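This report concerns only the one structure given below.
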Protein chains: 2
Amino acid sequence: MFFNLKSIAKELNVSVSTVSRVVNNKDNVNEETRARVLELLNKYNYVPNEVARSLKNQTTNMIGIIVPDITEGFFAQIIKGADQILTENGYFLIFCDSNECEIKEKHYMELLFQKRVEALVLATVSKNTKPLRMYIDNDIPVVFIDNLPNLSESYDAVLINNAKASALAVQHLISNGHERIAIIAGSQSETTGYERLNGYIRTLKSNGIEVDEKLIKYGNYKDDSGYRCMKELIQNKRDCDFTAVYVTSEKMTLGALSAIREEGLCIPEDLAVAACDFHDKSGLIVPGITTIVQPEREIGSLTADLIIRRLKEKKFSVKETEQETAKQTILLEPGLIIKESSGTVYKR
Amino acid sequence: MFFNLKSIAKELNVSVSTVSRVVNNKDNVNEETRARVLELLNKYNYVPNEVARSLKNQTTNMIGIIVPDITEGFFAQIIKGADQILTENGYFLIFCDSNECEIKEKHYMELLFQKRVEALVLATVSKNTKPLRMYIDNDIPVVFIDNLPNLSESYDAVLINNAKASALAVQHLISNGHERIAIIAGSQSETTGYERLNGYIRTLKSNGIEVDEKLIKYGNYKDDSGYRCMKELIQNKRDCDFTAVYVTSEKMTLGALSAIREEGLCIPEDLAVAACDFHDKSGLIVPGITTIVQPEREIGSLTADLIIRRLKEKKFSVKETEQETAKQTILLEPGLIIKESSGTVYKR
DNA sequence: GTGAAAGCGCTAACAC
DNA sequence: GTGTTAGCGCTTTCAC
């Protein structure tokens with residue numbers, strides 16, 4: 001069906017290896033032969049079969065990436081950042097959307113392994129480390145972004161300092177006069193969720209503010225959990241009056257904001273809001289939402305750099321039994337964008 | 001390095017084919033043998049090599065998709081819609097971001113072809129149809145979304161009726177009292193850009209409104225072109241007074257809005273705005289932007305359906321020399337979400 | 001400078 | 001029920 005080396009070789013009465021040499025630009029080919037082969041190659045628009053090449057060379061040049069939701073600006077930007085570097089280096093990014101689903105994530109991990117990706121970038125939503133064994137046992141580099149796994153061995157990761165991110169947001173609220181600050185946290189079995197809550201608690205304590213369990217709600221990062229948590233907080237508002245809320249993800253912030261609006265509360269007069277990873281491309285959201293931002297493109301490009309290094313080390317070590325450099329976690333600094341939503345506390 | 005059929009077979013003193021039969025769940029295997037093989041397979045965590053399978057079976061189960069920008073909600077949603085159906089049917093979506101760049105698009109088309117994707121979904125930004133020839137000549141199904149190619153032969157496509165989309169938006173502005181309506185159009189060498197301008201012109205005419213060349217600006221869909229066009233329009237506002245503008249893409253709308261804000265104009269009092277594909281997940285943008293919306297998930301799922309059908313037909317036709325059904329363009333209906341930005345004309 | 005041959009890991013037709 | 005064999009398209013070693 002497709003043209004292949006054999007059909008080209010036969011037509012020219014040369015061997016497959018000669019055609020292969022021409023295709024791969026090797027130099028031990030007679031210039032006249034090369035010209036004849038090249039001509040036919042062009043005429044038939046020959047394109048080498050990468051599947052066969054991959055099998056022979058035991059290398060696919062494919063890197064897999066699995067993220068929970070591609071429609072989130074956070075992940076889309078990371079992918080863009082990684083894709084650029086990877087493409088420049090002759091790799092090919094295969095992207096999968098786990099839809100925040102553990103089963104789907106596992107499924108994709110298996111599929112990508114079957115396809116023999118050379119490395120994996122993983123924003124995991126799973127506590128189950130079993131699917132990872134495949135990769136680890138076969139020495140396939142894995143780089144974690146966003147969430148960290150519950151692994152006993154060391155691993156590579158690129159992410160922000162999540163505790164510091166929370167500290168930044170909470171400290172800002174405090175310096176705006178807020179003391180009763182609620183939090184909508186994420187799942188505590190995920191490191192991101194855990195660290196962000198942790199940063200919140202530590203910052204309150206170091207400012208001499210008591211941590212009130214009633215002001216801590218746990219969502220699951222999905223769209224409606226922010227809404228639900230915010231509703232619960234507001235319903236208890238009388239018992240445990242609070243003037244600000246810190247919401248630890250974009251989707252939950254969206255939900256929380258609509259709950260606040262539904263309850264007829266004004267931001268920031270009735271309730272100040274600080275968010276995490278909130279994206280406002282338009283800059284027209286009113287009130288502007290104060291938010292923690294991550295250097296997403298950089299997370300992507302550093303992840304790509306790390307992968308490329310690991311892959312190089314791997315090739316090298318086979319030949320020279322060189323020691324692989326230690327696994328590392330690259331911690332980037334979060335930023336804080338201050339807008340109106342976190343405005344100073346309303347004094348009654 | 002990896003476990004393969006051979007190593008498993010050797011250890012059990014059976015043949016490779018027996019192991020293969022067990023792996024593929026064929027029934028002509030002695031139950032006792034099967035058990036022994038299965039045990040070792042599990043012990044070693046054997047995962048079949050899809051690269052080898054693909055080569056042997058001449059089928060990769062991979063579908064490629066190339067879009068101009070994954071960070072646009074429009075494309076992200078389409079991918080989600082397609083991914084779901086494709087995954088359910090045992091296919092695997094490989095996704096590429098051309099970054100609105102013709103060269104990159106071509107590059108990815110070649111790469112995907114080399115990888116032997118079985119079909120391609122293409123939101124093209126290119127006028128050059130040459131890279132397409134590879135696919136067409138080799139009978140690999142291609143489905144176009146968003147933009148249509150300049151091909152002489154017929155092709156498959158799934159998209160909205162873009163002329164109608166513009167008609168919807170412009171008619172709405174007219175019924176709100178606007179008569180002097182500017183447009184920020186897209187590249188006229190792309191069908192989407194052409195059709196949307198076309199719908200604008202026809203709607204004005206059918207309403208007995210004169211089309212004024214000075215009110216037509218051409219952007220390139222990139223972030224800053226909307227800003228530039230809007231600036232130009234506003235600078236000429238005195239000459240050619242207009243009360244509304246229709247911006248034909250999300251990114252250009254973002255640019256136009258910041259130009260409007262910069263010029264200190266109020267929406268909709270000084271200038272009404274209608275957009276295309278504008279996404280506001282938060283619902284908090286003020287003023288709310290009236291926009292054309294597309295059934296993105298449906299575009300994705302219908303595209304996936306079409307591809308699956310084409311692939312089935314292909315398999316079938318080899319065996320039965322069945323006639324392939326005619327290529328088709330599936331035109332979906334655009335929607336209009338009315339918010340404040342398109343408010344009635346301000347009467348002086 | 002060129003060709004023959006082996007083999008990457010797998011499947012499937014065929015023989016026993 | 002099981003094994004042998006050929007071959008998918010390619011690269012590469014080894015002869016010549």
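For the numbers below, each heavy atom of this structure counts, side chains included, while hydrogens, waters and symmetry mates do not. Remember, it's a predicted structure, so these values are computed and weren't measured experimentally. Throughout, protein chains are lettered first and strands after them, A, B, ... in sequence-line order, and every chain is numbered starting at 1.
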(request) Examine the side chains of N147(B) and T191(B) and answer whether a donor and an acceptor come within less than 3.5 Å of each other. (result)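 Yes.
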(request) Classify the side-chain pair S301(B)/Q84(B) by whether it contains a donor and acceptor separated by less than 3.5 Å. (result)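 Their side chains do not contain a donor-acceptor pair, so the 3.5 Å distance test is not met.
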For a quick test of reading the model: is some side-chain N or O of [X] closer than 4.0 Å to OP1 or OP2 of [N]?
{"X": "Y46(B)", "N": "dC10(C)", "answer": "yes"}
{"X": "N4(A)", "N": "dG9(D)", "answer": "yes"}
{"X": "S54(B)", "N": "dC10(C)", "answer": "no"}
{"X": "Q58(B)", "N": "dT11(C)", "answer": "no"}
{"X": "K26(B)", "N": "dA12(C)", "answer": "yes"}
{"X": "N49(A)", "N": "dC8(D)", "answer": "no"}
{"X": "K6(B)", "N": "dG7(C)", "answer": "no"}
{"X": "R53(B)", "N": "dG9(C)", "answer": "no"}

Gap between atoms [atom1] and [atom2], on [X] and [N] respectively (whole Å):
{"X": "N28(A)", "N": "dT13(D)", "atom1": "CG", "atom2": "C1'", "answer": "12 Å"}
{"X": "N13(A)", "N": "dG3(C)", "atom1": "CG", "atom2": "C1'", "answer": "12 Å"}
{"X": "K56(B)", "N": "dA12(C)", "atom1": "NZ", "atom2": "C1'", "answer": "6 Å"}
{"X": "N25(B)", "N": "dC10(C)", "atom1": "CG", "atom2": "C1'", "answer": "17 Å"}
{"X": "L12(A)", "N": "dG1(C)", "atom1": "CG", "atom2": "P", "answer": "18 Å"}
{"X": "I8(B)", "N": "dC10(C)", "atom1": "CD1", "atom2": "P", "answer": "9 Å"}
{"X": "R34(A)", "N": "dT2(C)", "atom1": "CZ", "atom2": "P", "answer": "9 Å"}
{"X": "F113(A)", "N": "dG9(C)", "atom1": "CZ", "atom2": "P", "answer": "13 Å"}

Out of [options], which nucleotide sits closest to the side chain of [X]?
{"X": "V14(B)", "options": "dG1(C), dT2(D), dG3(D)", "result": "dG3(D)"}
{"X": "A52(A)", "options": "dC10(D), dT2(D), dG3(D)", "result": "dC10(D)"}
{"X": "N57(B)", "options": "dC10(D), dT11(C), dG9(D)", "result": "dT11(C)"}
{"X": "N24(A)", "options": "dC10(D), dT11(D), dG7(D)", "result": "dT11(D)"}

(message) I need the I299(B) CD1 to F75(B) CZ distance, nearest 0.5 Å.
(response) 9.5 Å
(message) Would you compute the distance between atom CE of M62(B) and atom CG of L111(A) and round it to the nearest 0.5 angstrom?
(response)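 Spacing of CE (M62(B)) from CG (L111(A)) equals 11.0 Å.
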For [N], does the base pair up with any side-chain atom of [X] as donor and acceptor (N or O, under 3.5 Å, distance only)?
{"X": "R116(B)", "N": "dG9(D)", "result": "no"}
{"X": "S17(B)", "N": "dT5(D)", "result": "no"}
{"X": "R21(A)", "N": "dG3(C)", "result": "yes"}

(request) Give D27(B) one of three labels, base, sugar-phosphate or nothing, depending on what nucleic acid heavy atoms sit under 4.0 Å from its own. (result)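 Counting heavy atoms under 4.0 Å across all strands, no contact is made by D27(B).
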(message) Just to be sure I understand the rule, does N30(B) reach a base, reach only the sugar-phosphate, or reach nothing, if contact means heavy atoms closer than 4.0 Å?
(response)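 Sugar-phosphate, no base atom in range.
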(message) Cation-pi check for F113(A) against R116(A): NZ or CZ below 6.0 Å from the six-membered ring centre and within 45 degrees of the axis, yes or no?
(response)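 Pair R116(A)/F113(A) counts as cation-pi.
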(message) Centroid separation under 6.0 Å, is that true for the rings of Y44(B) and F3(B)?
(response)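 Close enough - the centres of the two rings lie under 6.0 Å apart.
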(request) Name the residue closer to the 5' end of DNA chain D, choosing between T18(B) and L55(A) according to the nucleotide with the nearest heavy atom. (result)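 Here T18(B) is the residue nearer the 5' end.
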